[in-house]
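Order of the sequence lines sets the chain letters (A, B, ...), proteins ahead of strands, with each chain counted from 1. If you're wondering where the values come from, they're calculated on a predicted model, not measured in any experiment.
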There are 2 protein chains.
Amino acid sequence: MSATIKDIRKKTGLSLATISKYLNGGNVLPENREKIGGAIKELHYHVNDMARSLVTSQTRSVGMVVPSMVSPFHGSLIRYIESELKQAGYSLMVCDSMDDAEQERDNIEFLSRKNVDGLVLIPTGRKIQDILDLVPGRVPIITLDVKWSGISGVTIDNVRAGYEATSYLTERGHRRIGIIYIGKQCTGRQRLKGYCKALAKRGIQREEVLEIATDGTVDGAYEAMNQLLSLDRRPTAVFTCNHDMNIGAVMAMNDAGFRYPTDLSIIGFDDLLIPSILNPRLTVLEQPMEEMGNAAARIILEHMRHTDPADRKAEQHVYRAILHEGKSVERIDPEEAEKNS
Amino acid sequence: MSATIKDIRKKTGLSLATISKYLNGGNVLPENREKIGGAIKELHYHVNDMARSLVTSQTRSVGMVVPSMVSPFHGSLIRYIESELKQAGYSLMVCDSMDDAEQERDNIEFLSRKNVDGLVLIPTGRKIQDILDLVPGRVPIITLDVKWSGISGVTIDNVRAGYEATSYLTERGHRRIGIIYIGKQCTGRQRLKGYCKALAKRGIQREEVLEIATDGTVDGAYEAMNQLLSLDRRPTAVFTCNHDMNIGAVMAMNDAGFRYPTDLSIIGFDDLLIPSILNPRLTVLEQPMEEMGNAAARIILEHMRHTDPADRKAEQHVYRAILHEGKSVERIDPEEAEKNS
DNA sequence: CTGAAAGCGCTAACAT
DNA sequence: ATGTTAGCGCTTTCAG
């Protein structure tokens, strides 16, 4: 039905090799180029990717595994990656892990079996090696949002982000500051680290009850926020460490009848619709989604160009989150707050 | 490197044909089944999809085109579709059209060229035929959210949803009701139709200034809401017809200093985090995302099973949106409202 | 039920 | 620069 290179051979009298070369950007005489180009137009010829795949062992597709497609944070990254890959002729196969490590494993295995040429992972927090074992060594893997040593990845400087968010609060008089972070992931733990650094700088003692590790989901943060709100000595401010957790935390406040910034200040993460739909607007650390997505695409493309894994040098791209000020943080008098608590 | 059926032939002494049959569920003697099964385990054999594709002309992948990956409405549908397809051994290639008809066209073309076995579209509103011409006739297409005649699809009863949303408002005394809908899409226009029906039932005159057609984006709804808010005779309630438009409308209210439900009542669409993070909670029509996603997956799988397009009968699956009550609609006195306007 | 053989459409040596 | 040829790994007639 569809034309093949044999049809082009018939039309041009040239050999399959020459036509193949033309198709793959090799050296072909100008006059022959023209002949072939003409035949291609005339016959509406398109390379048959399946045949090409069989011989090259490449599918020109990359797989992507995300914890949850419903989160605009992931959706947004997918968008930019997909767009870049498409331009390079690569398609993107996505798999949703439903915030479940088991599923994540299966997804990676599934995509490997689908012969993707590369893999972009936004890990849920699982160990590196478990995953690497699932994927043939020739298939490059990169991570997004999370950093895995020895593997290329795109992240922000999470310690810094945590530090800046927390400093923003301490500068406004807050001393009892809650944090809701992802415990099983370096990203979350680094944001916590930044938080600790900011406290230390002000000479504020850490308090375990104020630091709540969750799984990073809306529900997890909902419970975490409730926990903080039910404390005898409530924090005057809370730092939520990702997009979905902003949501859970705000929902918990709504349900418990607390209002920000009057009852409690809040600073969140990621500027994707949520902060700006809220009233008052949420103050957040905004990640450069487009840059991160584009970078991820470029890195995986680069790695896929090197068929020999030895030629692929792991590189970390570290971006910076920018504080986007809303009206969710109140300036308070530290001593006053201490008395009231 | 990886084992092939030839290796299995060597191990079992059986012919390629028999092994292939085994792989594809044909009739093979029990003892031979066992032999082959054993060899497969021993050699860690996996079918090479690329080789299989070349001869069957099937890639076991389906393409999906969405207006925007950032919207949880689309993300959510993708999630459920992907999950069902994966179970059936199909991968999902997604493309984001960035709310642009040009891009949508390119995406469909791109996926066709990637030899997807089927296509799931959430159209932005473009004409049917333009798109059908881009895709080989053998590739089944279905739509989601939007209904295209002659093509299978999954939707909700939009007229009914529009009617119920609007009736909910009229029953609470509202007579001047604004609507922000998608103009270029049947989905939006049907919700408008339901709106009109509900007005008519109450004997309320339609007013053009209250009916604003937009492109369905956050920004579009933002402007639309501003337009409504600046009217001399403002509506007492507004109906926003999809997830992203809820956001735009609420943002506009926030920015203009209006509060719901006191200054204005609002009823929205889709229950995906936004309604419940808002305070007061948004009253919305909730679509059964999981059912819709699953249905879409089942339909496209069914269509792909029939290699002859003639065997595929177009079917519409119509679900129902359920009103999920929040606190964004105020009960008012119609006559009082009339006097004040 | 099994085997032999042809071929899907393309790439990549290798020779010219 | 171009042509010849041999596969890539699998499915699928067609005989037996």
Taking all atoms of both residues into account, what is the closest heavy-atom pair of [X] and [Y], and its distance?
| X | Y | answer |
| --- | --- | --- |
| B:Asp244 | B:Gly216 | CB-O, 3.8 Å |
| A:Ile81 | A:Gly293 | CG1-O, 3.3 Å |
| B:Ile151 | B:Ile142 | CG2-CA, 4.0 Å |

[N] OP1/OP2 closer than 4.0 Å to side-chain N/O of [X]:
| X | N | value |
| --- | --- | --- |
| A:Ser15 | D:dG3 | yes |
| A:Lys6 | C:dC10 | no |
| B:Asn27 | C:dC1 | yes |

Find the distance [X]:[atom1] to [N]:[atom2] and express it as a whole number of Å.
| X | N | atom1 | atom2 | answer |
| --- | --- | --- | --- | --- |
| A:Tyr22 | C:dA12 | OH | P | 18 Å |
| B:Leu14 | C:dG3 | CG | P | 5 Å |
| B:Arg9 | D:dC10 | CZ | P | 11 Å |
| A:Asp7 | C:dC10 | CG | C1' | 13 Å |
| B:Leu54 | C:dT11 | CG | C1' | 12 Å |
| B:Lys35 | C:dC1 | NZ | P | 16 Å |
| B:Asn115 | C:dC10 | CG | P | 11 Å |

* To do: With the side chain counted from C-beta on, respond yes when B:Lys86 and A:Asn107 share a heavy-atom pair under 4.5 Å apart, and no when they do not.
  =>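 They are in contact (side-chain heavy atoms under 4.5 Å apart), so the answer is yes.
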* Among D:dG3, C:dC10, D:dC10, which is the nearest nucleotide to the side chain of B:Asn48? ->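 Given the options D:dG3, C:dC10, D:dC10, the side chain of B:Asn48 is closest to D:dC10.
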* To do: For B:Arg305, look at atom CZ and say whether over 12 heavy atoms of other residues, nucleotides or ligands are found less than 6.0 Å away.
  =>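 No, the 6.0 Å shell around CZ holds no more than 12 heavy atoms from other groups.
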* **Residues B:Arg105, B:Glu109: salt bridge by 4.0 Å N-O rule** =>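 Result for this pair is yes, salt bridge flagged.
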* Report the C-alpha separation of A:Glu302 and A:Arg298 in whole Å, then their side-chain angles, then the decisive distance to 0.1 Å, and conclude whether the salt bridge (charged side-chain N to carboxylate O under 4.0 Å, His left out) test is met. => CA-CA 6 Å; A:Glu302 180 61 25; A:Arg298 276 198 308 272; over 6 Å; no
Please write out each protein N/O paired with an N/O of nucleotides 11-13 of chain D under 3.5 Å, distance rounded to 0.1 Å.
residue : atom : partner : partner atom : Å
D:dT11  : OP1  : B:Asn24 : OD1          : 3.4
D:dT11  : OP1  : B:Asn24 : ND2          : 3.1
D:dT11  : OP1  : B:Arg52 : NE           : 2.7
D:dT11  : OP1  : B:Arg52 : NH2          : 3.1
D:dT11  : OP2  : B:Ser20 : OG           : 2.9

* To do: Under 4.0 Å between any heavy atoms, over every strand shown, what does A:Leu29 touch: base, sugar-phosphate, or nothing? Just pick one.
  =>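 If one applies the 4.0 Å heavy-atom cut-off, A:Leu29 turns out to touch the sugar-phosphate alone, with no base involved.
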